[in-house]
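Here is the structure we will look at.
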Amino acid sequence: MAETDPPSNDPVDVRLLMEIAAGVEQSFVELYRRRHNDVYRFAFAMAKSRSFAQDVTQEVFLNVLENARRFDSAKGSVRAWLFGCARHVTLDRLRLERRWTDDMPADLATLDSDERLLVDQRVERLHAAIARLPVEYREALVLVELQELTYAETAAVLDCPVGTVRSRLHRGRVLLAAMLDEGEAAPADSSARVEPLQAREVCS
């Protein structure tokens, strides 16, 4: 992912958000249909809990109803804006609930081969390792590597310079590789803390 890639914006997303701001209910339903999986996957990767991700997704889209007018297309894409909303909700919940990890629910489809079992084990191990990273490295990795945001979009979501995104990604990848190589999660960096969010709208 190139650091200088410009933020991309989907014109359909922009139109839907404008219509939501004008009170068009069907546009909210359509935006939810298009983007709720993005928000869910972000929250799940951050906390490794399906119930956590469902709660975050619900809260983010409730906030969309209230704050759609705050979206500014000049600052980035609707998708990145939704990730910014999801980030604030996720950090609030992580701080208040202290839920850094959670067990994966045992609802995977019936395995039909040893290969499928190995793949599922690797995916679960990856999510478990990501969920144990210090939060600043975790969110950078999730946004860039899993959600495929550009460096510029990620910097906008995290409200930090692109250079900070780059350094967090580098450190996060090193820690993640070490965890996976060791076969177990390394202790999280004791200096990493979830700082309290400033009092402001979730979607700004």
Side-chain angles (χ1 to χ4, degrees), residues 7-10 13-14 16-18 20-21 28 31-32 34-102 127 130-162 164-169 172 188-189 191-204:
S8 57
N9 219 333
D10 187 313
D13 287 344
V14 175
L16 290 173
L17 205 56
M18 292 176 63
I20 292 169
F28 173 78
L31 184 67
Y32 180 86
R34 286 169 61 87
R35 297 302 179 191
H36 79 276
N37 281 336
D38 289 335
V39 174
Y40 176 92
R41 285 193 296 265
F42 170 82
F44 180 79
M46 290 292 290
K48 205 172 86 68
S49 164
R50 286 182 169 83
S51 61
F52 182 98
Q54 289 166 354
D55 289 345
V56 168
T57 302
Q58 181 178 22
E59 187 170 344
V60 165
F61 279 92
L62 287 175
N63 277 289
V64 167
L65 281 174
E66 299 175 0
N67 296 293
R69 290 182 179 84
R70 293 178 173 270
F71 172 71
D72 182 354
S73 60
K75 296 181 179 179
S77 67
V78 171
R79 189 164 177 261
W81 184 73
L82 288 172
F83 284 135
C85 298
R87 177 187 181 238
H88 290 310
V89 173
T90 296
L91 292 183
D92 273 343
R93 285 178 173 269
L94 287 174
R95 187 182 73 247
L96 294 174
E97 299 177 18
R98 303 292 184 185
R99 184 188 292 173
W100 292 95
T101 61
D102 196 7
H127 278 293
I130 290 174
R132 288 175 172 83
L133 286 171
V135 69
E136 67 267 31
Y137 306 141
R138 191 190 322 171
E139 60 190 8
L141 277 170
V142 169
L143 290 170
V144 174
E145 301 291 1
L146 301 185
Q147 300 298 340
E148 299 183 343
L149 290 192
T150 65
Y151 279 61
E153 286 178 313
T154 301
V157 171
L158 302 182
D159 193 22
C160 68
V162 168
T164 300
V165 171
R166 184 177 66 249
S167 64
R168 289 179 183 179
L169 280 172
D189 187 341
S191 65
R193 298 182 177 85
V194 179
E195 297 296 337
L197 297 177
Q198 297 298 318
R200 57 177 175 176
E201 297 291 343
V202 172
C203 300
S204 57

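Residue numbers start at 1 and run along the sequence shown. These values consider heavy atoms only, across backbone and side chains, with no hydrogens, waters or symmetry-generated copies.
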Sorted by chain and residue number, the side chain to side chain donor-acceptor pair (under 3.5 Å) partners of Asn37 (sequence neighbours excluded) come out as none

Please examine the side chains of Val135 and Met46, heavy atoms only from C-beta on, and report whether any two atoms are closer than 4.5 Å. yes

Please report the closest heavy-atom contact between Phe28 and Phe61, naming both atoms and the distance. CE1-O, 3.2 Å

Backbone of Ala21 reached by a side-chain donor or acceptor of Arg69 within 3.5 Å: yes

Any donor-acceptor pair under 3.5 Å from Arg168 side chain to Ala140 backbone: no

Does the Thr154 side chain pair with the main chain of Thr150, one donor and one acceptor, at a distance under 3.5 Å? yes

Working to the nearest 0.5 Å, report the span between CG of Leu169 and CD of Glu139. 10.5 Å

Atom CD of Gln147 and atom CZ of Phe83: how far apart are they, to the nearest 0.5 Å? 3.5 Å

Nearest heavy-atom pair of Leu146 and Ala45: which atoms, and what distance? CD1-CB, 3.7 Å

Name all residues meeting the side chain to side chain donor-acceptor pair (under 3.5 Å) criterion together with Glu145; count only those two or more places apart in sequence or in a different chain, and write none if there are none. Arg173

Residue pair Asp72, Trp81: steps toward the side chain to side chain contact (heavy atoms under 4.5 Å, CB included) verdict: CA-CA 9 Å; Asp72 182 354; Trp81 184 73; over 6 Å; no

Are Arg79 and Glu153 ion-paired here, with the side-chain N under 4.0 Å from a carboxylate O? no

For a side chain to side chain contact (heavy atoms under 4.5 Å, CB included) check, start with the C-alpha distance between Arg95 and Leu91, then their side-chain angles and the critical distance, and finish with the verdict. CA-CA 6 Å; Arg95 187 182 73 247; Leu91 292 183; 5.5 Å; no

Start with the C-alpha gap between Val144 and Leu149, add the side-chain angles, then the distance that decides, and say whether side chain to side chain contact (heavy atoms under 4.5 Å, CB included) holds. CA-CA 5 Å; Val144 174; Leu149 290 192; 5.5 Å; no

When rounded to the nearest 0.5 angstrom, what distance separates CZ in Arg166 from SG in Cys160? 11.0 Å

Close side-chain approach of Tyr40 and Val56, heavy atoms under 4.5 Å: no

Decide yes or no on side chain to side chain contact (heavy atoms under 4.5 Å, CB included) for Val60 and Cys85, but give the supporting numbers first. CA-CA 6 Å; Val60 165; Cys85 298; 4.0 Å; yes

Please examine the side chains of Arg93 and Glu59, heavy atoms only from C-beta on, and report whether any two atoms are closer than 4.5 Å. yes

For Ala43 versus Thr90, what's the shortest heavy-atom pair and its separation? CB-OG1, 4.2 Å

For Leu82, which of Val157, Val64, Thr57 qualifies under side-chain contact (heavy atoms from CB on, under 4.5 Å)? Val64

Looking at CG of Asp55 and OG of Ser49, how far apart are the two atoms once the value is rounded to the nearest 0.5 Å? 8.0 Å

How long is the span from the CG atom in Leu17 to the CZ atom in Arg35, to the nearest 0.5 Å? 11.5 Å

Residue list, salt bridge (Lys or Arg N to Asp or Glu O under 4.0 Å) with Arg34, at least two apart or on another chain: Asp10, Asp13

Nearest-0.5 Å distance that lies between atom CZ in Arg87 and atom CG in Asp159: 7.5 Å

